[in-house]
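Some notes on the structure that comes next.
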Amino acid sequence: MKPRSLILGLTASIALLAAASVAAQQPPQQLTPQQEAQRAEIRAQQQELQRAQAIALAQAQQGPQPPPFYVAPGFPSPEPLPTVPLAQLLERVARSSNKQFIVDPRVPQQVFLGGVRAEDVNYPILLAVLRNHGVAATTIEGRVNLVPDANVRSLPVPFVNNDDAKIADEEFVQRVITTSTVETPMLVPILRPLLPQSAHLAAMPPNKLVVLDRYSNVKRIGEIVKALDR
């Protein structure tokens, strides 16, 4: 139940109990033990509903809260993952690789290196670490753009129709693949499960296939298409 609906329901219940309490507090000429017990029960219910209303009001003011993390009895609480500032990594990699970075403000500012020492992070390792954080990298006009991978398809990702060893495997590129014997619409349901959600795959009948993904995966898709097109 939503906090506002809960508050309205509790308020109505308190009003009803308040009316019953007023009626119960009317001093009758004689009160039986049963009437005394009924009046005490009404007062207790009224106090309980008032406490519930106060709790619901506080929750509504705080907004939705994430569920608490449950730790099974007998198990220690998990330690937070050690992270390092992304800005420091980018500064070190920029000096060693002679690259410039443009960072989307939605990119995480703290990253977990997964066992790699910060001083050992080079450009390919940096992109691999960022991949694990849902960050995509693509070079546009000589600068490496770092954006959430869900947004990379809207950028002018470079076309790479011929293999280039200078491109990092983790960078996003796009390629048009041409077949000679296989109709490309037949390949889409075969190849799409091999790509992440951030990638793009579309067929242009009868023999054109457009794929956008990390360079290593684009090359892998090209090899699969080549094998199926024989």
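Heads up: numbering here begins at 1 and tracks the sequence.
With a 6.0 Å radius and a threshold of 12 heavy atoms from other residues, nucleotides or ligands, Arg143 has its CZ atom at or below the threshold. Residue-environment remark: CG (Asp164) exceeds the threshold of 12 foreign heavy atoms within 6.0 Å. Atom CD of Gln109 is surrounded by more than 12 heavy atoms from other residues, nucleotides or ligands within 6.0 Å.
A salt bridge links Lys219 with Asp169; the closest basic N to acidic carboxylate O contact falls under 4.0 Å.
By the rule that hydrophobic residues join a cluster once side-chain heavy atoms approach within less than 4.5 Å of another member, Val173 and Leu194 end up as members of one cluster. Cluster annotation: Val144 is connected to Leu86 through the hydrophobic network of ILVMFWY side chains, with a link wherever side-chain heavy atoms come within less than 4.5 Å. Under the 4.5 Å side-chain heavy-atom criterion for grouping Ile, Leu, Val, Met, Phe, Trp and Tyr, Ile140 is connected to Val152 within one hydrophobic cluster. Residues Leu130 and Val147 do not share a hydrophobic cluster, defined by chaining ILVMFWY side chains whose heavy atoms lie under 4.5 Å apart. When the side chains of ILVMFWY residues are joined at heavy-atom separations under 4.5 Å, either directly or via intervening members, Val210 and Leu212 end up in two distinct hydrophobic clusters.
Counted by atom type alone, Glu171 and Thr139 present one or more donor-acceptor pairs between their side chains at under 3.5 Å. Looking at Asp229 and Thr179, their side chains never bring a donor and an acceptor atom within 3.5 Å of each other. Checking Arg214 against Asn217 by side-chain atom types alone, no donor-acceptor pair falls below 3.5 Å. Gln174 and Tyr215 share no side-chain donor-acceptor pair at under 3.5 Å.
Judged purely by atom type and a 3.5 angstrom limit, Thr138 has no side-chain atom pairing as donor or acceptor with the backbone of Val157. At least one donor-acceptor pair under 3.5 Å links the side chain of His133 to the backbone N or O of Phe112. At distances below 3.5 Å, at least one donor-acceptor pair connects side-chain atoms of Asn161 with backbone N or O atoms of Val176.
Considering every non-hydrogen atom in both Ile190 and Pro193, the closest pair reads O-CD, 3.6 Å. For the pair Val188 and Ala202, the tightest heavy-atom approach, listed with the atom from each and the gap, is CG2-C, 4.5 Å. Closest non-hydrogen pair, Gly222 versus Ile177, comes out as CA-CD1, 3.8 Å. Of all heavy-atom pairs between Val211 and Leu195, the closest is CG2-CD1, 4.3 Å. Closest approach of Pro185 and Pro205 over heavy atoms only: CG-CG, 3.8 Å. Contact detail for Arg175 and Val160: the closest heavy-atom pair is NE-O, 2.6 Å.
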Could you please spell out the steps behind the side chain to side chain contact (heavy atoms under 4.5 Å, CB included) verdict for Leu146 and Phe101? CA-CA 7 Å; Leu146 302 180; Phe101 295 93; 4.0 Å; yes
Test log, rule side chain to side chain contact (heavy atoms under 4.5 Å, CB included), inputs Phe172 and Ser198: CA-CA 10 Å; Phe172 269 77; Ser198 57; 3.8 Å; yes
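Taking CG of Leu191 as the start and CG of Leu201 as the end, the distance is 6.0 Å to the nearest 0.5 Å. In this structure, CD1 in Ile167 is found 11.5 Å from OG in Ser216, a value given to the nearest 0.5 Å.
Applying the salt bridge (charged side-chain N to carboxylate O under 4.0 Å, His left out) test to Glu183 and every residue at least two apart in sequence or in another chain returns nothing.
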